[in-house]
Amino acid sequence: MQKRLYILIAILLLPSCKKFLDEEMVTQISYDYYDTETGIEDLVDGAYSELRYLFNGEQSFTLFNYGVDEYTEASDGQNKYFDDYTAQLNPTSAAYIHDMWTAYYRAINACNMGIERIPKIEGTQFYTNDTNKNLRIAELRFLRGFYYFMLVQQFGSVPLTLTGDITVRLEFERSPVADIYQTIISDLQFAAATLPATQSQYGRITKGAARHYLAKVYLTRGSAVTEQRGQRPSDMDSAAYWANLVITDGPYQLLDNYADLWNINNQENREVILAAQFNNNAFMLNGSGNRTHLYYQMVYDQKPGMQRDITYGRPFRRLMPTNYTLDIFDRKNDSRFYKSFRTTYLSNNSANIPKWTVDNAPSPALVGQPKFKLGDTAILLTLHQNVPDAEIARKSYLWITRNKFNKQDFLSLIKHMDPTRLDISTETAGRDGVYARLGETYLIAAEAYGRSGNYGRALEYINALRRRAAYKQGEAKPMHYWFTEGGVQGDVSSTESLVQVTEAAFDANDPHEQYPPSATSKAARFIHFMLNERTRELLGEFQRWMDLARTETSVERIKLFNPAAGNMKPFHKLRPIPQQHIDRLFKNGVPLTADERAAEQNPGY
């Protein structure tokens, strides 16, 4: 870092604005600026701004959804070596690894500086008392713990620094993983004890966020079997305790309808616990908008009767769901499947609508007539297998059945779509990026109880989510219910009883689950059941790579379910330490030797 800053700093907006974070370019700021009330607020907001990192580029899916069991590479993209684990995934060529390292340590340094300086601020506005000062310190301690949690899950042992640096730091030793987890827990505990349940500015850290991440950190530390994370016998009890507090002692509630979670007009809903803030002000955001809407979409705009538009998005076709993902849902009775994917595209282009031919027209009178009109179904994707081509040709729309899915044509995830983008070519969008929501808190509690052998209590939380996942009495079901999945057209009965689970779900022969060959015990199958359930609830929400690493199931599950990942090795459960970091390290005032540099790298790289 330099003594004169050339950085983006988040600026506090007027209290009437819903989103308190926006950015403007600030140049040549002295570090003395952060000894003022205005400066320290800018520093705090700067620490918040790195929450956007996960969502504002291709690092989102590259680091969190490539190379997993749920998703595999589609047709386009330059980072497929993260999915197929080739030798290109190494300390020098994996640019996103260095970018993540830099972003999170930049944020950690801002947190450290703020934690050190806030007690000394003599303010006349916000920083007039210790209560307000401790509030901001608690926000920064949460953020510091959060960023270290992201780093330790990706890299394992990393440098642990708790002081702010205003000059270039050359000696930067890695700390034991156990020490990092203990520091994270200490920071989050302070935040949980200090922060209020709600804040007047939406987006600021709350008590619920600290509790949720305490539960998640304890679950992560306690999930270790062969790895040394400093795990303790009480970790599962702690995970369950903190998760229960979020569920029972806070403002959060599960939304009644799973689809409402992805409604762009319902972002600030009662289920969201932590989200990175974005908006569509391209000038203020300086190009750092949410880009995740780009990556999960099929090539619809080159199909008959279609052209690119804002509703269906800009299709970067980076990822496609694996067969595991398509099959792990009870697609007939669990509404989460068809509420997560787009299967139908209505014609938005009258210029290239196909016409009936002699070979496929239902009647001679239709030959030469358009197959459909503007606004009619132009594309339909279904999970049918092996439908005769002649039957497909007789449909007015382009019918893409499962056996025709490929890297261009597949089910598109809709969770990140943003129809409020400024125009059809704009990559950046204003949807907030959700890190934590109450649905995951239920899963954390369930897994903590199940890992402790209390399967009955675990099932209470799982079935609470399943009740929300079921079609409600009177709810209209999608056409796939009867056309694809064998239901009865017009059926509006509840499916709640059909999606509830019992301990029988942990049996090896349960028809609704997929268990790897190694899962020979009920306890092992429960862990894989929870991974299956996390897919059903959290698919595509940038959790999966760390879920598999946490449970030490990466190699088996990824090689079993992802056809591209045959090169994966056990050492890939950690990312390579960026070579740019290692090459600038000193020890006792002198550059590291070649052997010392090698020792700084994670094994296998």
Side-chain angles (χ1 to χ4, degrees), residues 74-76 259 262-264 293-317 320-321 326 331 337-414 417-426 476-491:
S75 60
D76 287 2
W262 324 122
N263 183 342
I264 193 66
H293 62 94
L294 299 165
Y295 306 129
Y296 295 85
Q297 310 309 309
M298 66 164 267
V299 184
Y300 72 90
D301 52 350
Q302 298 174 16
K303 301 290 193 291
M306 298 301 301
Q307 62 185 347
R308 184 184 301 177
D309 67 12
I310 291 180
T311 299
Y312 294 131
R314 185 172 174 180
F316 270 37
R317 54 234 188 219
M320 58 183 289
L326 299 181
R331 298 191 301 266
F337 185 83
Y338 286 113
K339 290 175 180 177
S340 295
F341 290 109
R342 173 171 286 115
T343 60
T344 305
Y345 296 80
L346 304 182
S347 174
N348 61 8
N349 183 10
S350 60
N352 64 344
I353 294 176
K355 296 181 178 180
W356 291 109
T357 67
V358 173
D359 294 331
N360 59 37
S363 70
L366 288 175
V367 174
Q369 297 298 311
K371 281 191 168 186
F372 50 82
K373 62 181 182 295
L374 201 66
D376 287 347
T377 297
I379 308 170
L380 177 68
L381 296 95
T382 74
L383 277 295
H384 288 89
Q385 291 273 33
N386 303 319
V387 179
D389 289 344
E391 183 177 348
I392 291 175
R394 285 194 293 269
K395 297 294 183 182
S396 59
Y397 47 80
L398 174 61
W399 184 12
I400 305 174
T401 57
R402 179 171 180 172
N403 55 295
K404 302 288 187 180
F405 290 1
N406 55 50
K407 293 188 176 186
Q408 296 272 347
D409 302 330
F410 49 83
L411 297 185
S412 296
L413 189 73
I414 62 172
M417 296 303 293
D418 191 341
T420 68
R421 290 182 301 125
L422 301 179
D423 56 60
I424 62 173
S425 62
T426 299
K477 299 180 177 68
M479 56 85 64
H480 298 281
Y481 179 79
W482 55 269
F483 184 64
T484 308
E485 308 299 348
V488 176
Q489 187 173 3
D491 183 353

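Every heavy atom of this structure was used, including side-chain atoms; hydrogens, water molecules and symmetry mates were not.
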Given Arg317, Arg314, Lys407, the one that forms salt bridge (Lys or Arg N to Asp or Glu O under 4.0 Å) with Asp76
Arg317
Rounded to the nearest 0.5 Å, how far does CE of Met306 lie from CG of Asp301?
8.0 Å
I'd like to know if the side chain of Asn352 reaches the main chain of Gly305, judged simply by a donor and an acceptor atom lying under 3.5 Å from each other, with no hydrogens or angles considered.
yes
What distance do Lys404 atom NZ and Asn386 atom CG have between them, rounded to the nearest 0.5 Å?
9.0 Å
Leu380 side, atom CG; Leu398 side, atom CG - distance, nearest 0.5 Å:
9.0 Å
Straight-line distance of Leu383 CG to Leu411 CG, nearest 0.5 Å
6.0 Å
Kindly give the heavy-atom pair with the smallest separation between Thr426 and His293, and that separation in Å.
O-CE1, 4.0 Å
Looking at side-chain heavy atoms only, is the closest gap between Leu346 and Thr377 below 4.5 Å?
yes
Euclidean distance, Thr401 OG1 relative to Glu391 CD, rounded to 0.5 Å:
9.5 Å
Return yes if some donor-acceptor pair links the side-chain N/O of Lys477 with the main-chain N/O of Asp491 below 3.5 Å, else return no.
yes
Look at the rings of Tyr397 and Trp399 and say which category their plane angle falls in: under 30° parallel, 30 to 60° tilted, over 60° perpendicular.
perpendicular
Is the closest side-chain heavy-atom distance between Phe405 and Pro321 below 4.5 Å?
no
I'd like to know whether Asp423 forms a side-chain hydrogen bond (donor to acceptor under 3.5 Å, both in side chains) with Ser425, so could you lay out the CA-CA distance, the side-chain angles of the two residues, the decisive distance to 0.1 Å, and finally the verdict.
CA-CA 6 Å; Asp423 56 60; Ser425 62; 2.9 Å; yes
Scanning both residues in full, the closest heavy-atom pair of Met298 with Tyr345 reads CG-OH, 3.4 Å
What is the distance from atom CZ of Phe337 to atom CG of Leu326, rounded to the nearest 0.5 Å?
5.0 Å
Nearest heavy-atom neighbours spanning Thr484 and His384:
OG1-CE1, 3.3 Å
Scanning both residues in full, the closest heavy-atom pair of Gly313 with Arg421 reads CA-NH2, 3.6 Å
In short, Val387 meets Asn403 closest at the heavy-atom pair N-OD1, 4.2 Å
Option from Glu485, His480, Met479 for which side-chain contact (heavy atoms from CB on, under 4.5 Å) with Trp482 holds:
Met479
Taking all non-hydrogen atoms of both residues into account, name the closest pair between Tyr300 and Gln307 and its distance.
CE1-O, 3.5 Å
Heavy-atom donor-acceptor pair, Gln297 side chain to Leu413 backbone, under 3.5 Å:
yes
Verify side chain to side chain contact (heavy atoms under 4.5 Å, CB included) between Asn348 and Tyr312, making sure each step is shown before the conclusion.
CA-CA 10 Å; Asn348 61 8; Tyr312 294 131; 4.2 Å; yes
Might you work through the side chain to side chain contact (heavy atoms under 4.5 Å, CB included) test for Trp262 and Met417, ending with a clear yes or no?
CA-CA 8 Å; Trp262 324 122; Met417 296 303 293; over 6 Å; no
So, are Lys371 and Asp376 salt-bridged, with charged N and O less than 4.0 Å apart?
no
Check against side chain to side chain contact (heavy atoms under 4.5 Å, CB included), Asp418 and Ile264
CA-CA 7 Å; Asp418 191 341; Ile264 193 66; 3.6 Å; yes
Does the Arg308 side chain pair with the main chain of Pro315, one donor and one acceptor, at a distance under 3.5 Å?
no
